[in-house]
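These notes are about the structure you will find just below.
In this text the structure is predicted, and so the values were computed from the model without any measurement. Here is how names work: the chains are called A, B, and so on, in the same order as the sequence lines, proteins then strands, and each is numbered from 1.
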There are 2 protein chains.
Amino acid sequence: MLRISKLTDYGILLAVELGELQEPTSVRALSLRTGVPQATASKVLQSLARAGIARSRRGATGGYCLTRPSREIPMLEVLTALEGPLAVTDCVEEGACEHEEGCGTRVSWQRVNEAVARALANVSLADMAPPTPLVALTRSAAHAARLRQGADLSLLAPAEHA
Amino acid sequence: MLRISKLTDYGILLAVELGELQEPTSVRALSLRTGVPQATASKVLQSLARAGIARSRRGATGGYCLTRPSREIPMLEVLTALEGPLAVTDCVEEGACEHEEGCGTRVSWQRVNEAVARALANVSLADMAPPTPLVALTRSAAHAARLRQGADLSLLAPAEHA
DNA sequence: TATATATCGGACTGAGACAGTCCTATATGG
DNA sequence: CCATATAGGACTGTCTCAGTCCGATATATA
């Protein structure tokens with residue numbers, strides 16, 4: 001569990017796709033490439049645009065593109081854009097829980113929440129891109145090496161628990 | 001988002017409570033202490049028992065107790081008992097996604113999933129207990145110090161992202 | 001200016017998960 | 001035998017999720 005919604009999954013798929021295409025791309029084209037239904041893709045992309053992750057351009061030859069290189073966009077930002085602020089429990093947010101003061105687990109939850117957030121902040125959209133050999137070969141050797149090693153993701157793995 | 005369910009929250013509340021009371025305690029008593037409705041508490045505790053986290057005892061003077069000291073029970077185990085295996089996305093599990101092969105984000109999701117899992121494996125049930133000064137004072141100085149420092153939770157926080 | 005092409009964004013809907021309750025069966029201690 | 005517990009399946013109302021539809025608005029081109 002602790003699952004993200006399908007919409008969010010789609011959003012990441014779309015954002016990754018945008019990261020690989022440099023030029024503005026229509027929702028229709030993105031829909032065909034990702035398999036996400038067009039109407040749904042439109043909705044998700046709007047959320048990304050509102051959050052400042054993507055930029056939209058209306059009218060003929062319009063479409064979407066990212067506002068920054070995908071390597072500079074942390075996954076946490078994308079998740080927040082699509083599902084609201086990260087909150088493992090209600091009580092992590094101020095005033096959401098009636099037992100706010102009496103409950104001793106609240107502080108602990110906030111720490112857990114922070115740990116998860118930090119993990120997601122350390123993964124960029126670029127890290128989610130397909131690590132297929134074919135793609136790796138067409139890019140720099142350094143980039144290919146990064147892909148094979150799973151990029152910075154290894155940083156997220158602390159030592160085994162005591 | 002990435003929220004756990006309320007039932008799971010209750011389960012942790014109940015388990016923490018069980019960790020502080022040593023002797024077998026009835027659902028009724030646990031319900032009164034935690035504020036979780038009795039019927040609901042019963043259900044949640046059954047799940048914990050099935051997962052080998054708690055032990056039940058029927059009949060008069062029956063009730064629940066933990067099978068191990070709360071410090072030896074990782075949060076990941078409790079979450080898994082109550083919501084099933086951790087899976088940030090469907091595609092993390094085998095055969096759940098029809099695009100399994102074509103999708104390049106799958107491997108990345110599995111790494112994210114592992115990172116979150118490892119974070120949760122490093123927090124024990126005992127770490128979730130109330131860190132109130134009063135409680136701290138009644139225990140060993142070493143334990144109190146642990147509480148003030150947020151226990152092992154600091155281990156979960158890797159360096160700031162690059 | 002007319003028209004084709006896009007996004008914008010609110011309204012609506014069916015499906016499914018979630019939270020919670022109820023009832024009966026079963027086990028234990030006195 | 002009886003009072004007290006848990007076991008666990010069935011059931012229900014509520015809410016969120018995933019997805020669609022449609023009218024409004026913006027842009028490029030002829």
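Using a 4.0 Å heavy-atom criterion, one finds that B:R55 contacts no nucleic acid atom at all. B:S42 comes within 4.0 angstrom of nothing in the nucleic acid, heavy atoms only. Counting non-hydrogen atoms under 4.0 angstrom, B:R3 reaches nothing in the nucleic acid.
Within a 6.0 Å sphere centred on CZ of B:R3, heavy atoms belonging to other residues, nucleotides or ligands number more than 12.
Taking atom CG of residue A:D90 and atom P of nucleotide C:dC18, one finds them 14 Å apart after rounding to whole Å. The distance between atom CG of B:L2 and atom P of D:dC17, rounded to the nearest whole Å, is 12 Å. Rounded to an integer number of Å, the gap from B:R28 CZ to D:dA3 P is 16 Å. Note: CD (A:Q46) to P (D:dT20) measures 15 Å, nearest angstrom. The nearest whole Å value for the distance from the CG atom in A:L14 to the P atom in C:dT7 is 12 Å. Protein atom CG of B:L18 is 14 Å distant from nucleotide atom C1' of D:dT6, rounded to whole Å. Rounded to a whole Å, the CG atom of A:L82 is 12 Å from the P atom of D:dC17. Atom CD in B:E83 sits about 12 Å away from atom C1' in C:dA17, given to the nearest Å.
For the residue pair B:T8 and B:S5, a side-chain donor N or O sits within less than 3.5 Å of a side-chain acceptor on the partner.
Side-chain proximity of B:S26 to the nucleotides C:dG29, D:dA5, C:dT21 is greatest for D:dA5. Checking D:dG8, D:dT6, C:dG20 against every side-chain atom of B:T40, the shortest atom distance belongs to C:dG20. Minimum atom distance to the side chain of A:K6 is reached by D:dA18, of the listed C:dT7, D:dA18, D:dT6. Taking the side chain of B:S5 as heavy atoms from C-beta on, and the options C:dC18, D:dG19, D:dA18, the nearest nucleotide is C:dC18. Listed nucleotides: D:dG19, D:dG8, D:dT27. Nearest to the side chain of B:R50: D:dG8.
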Protein-nucleic acid N or O pairs under 3.5 Å, nucleotides 2-5 of chain C:
residue	atom	partner	partner atom	Å
C:dT5	O2	A:A60	N	3.3

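Residues A:W109 and A:V88 are in side-chain contact: their nearest non-hydrogen atoms beyond the backbone lie under 4.5 Å apart. Side-chain contact check for A:L2 versus B:V116: some heavy-atom pair is nearer than 4.5 Å.
Checking the phosphate oxygens (OP1, OP2) of D:dG19, a side-chain nitrogen or oxygen of A:Y10 falls inside 4.0 Å.
The residue among A:P37 and A:R57 whose nearest nucleotide of DNA chain D is located toward the 5' end is A:P37.
Although no hydrogens or angles enter the test, the distance criterion places no donor-acceptor pair under 3.5 Å between the side chain of B:T105 and the main chain of B:S108.
Between B:L125 and the choices B:M75, B:R71, B:E72, the side-chain contact (heavy atoms from CB on, under 4.5 Å) rule is met once, by B:M75.
Linking ILVMFWY side-chain heavy atoms closer than 4.5 Å, directly or via other members, places B:L13 and B:I4 in two distinct hydrophobic clusters.
For A:K43 against C:dT7, a side-chain-to-base donor-acceptor contact under 3.5 Å is absent.
The salt bridge (charged side-chain N to carboxylate O under 4.0 Å, His left out) contacts involving residues 73-88 of chain B comprise B:R68-B:E77, where partners must be two or more places apart or lie in separate chains.
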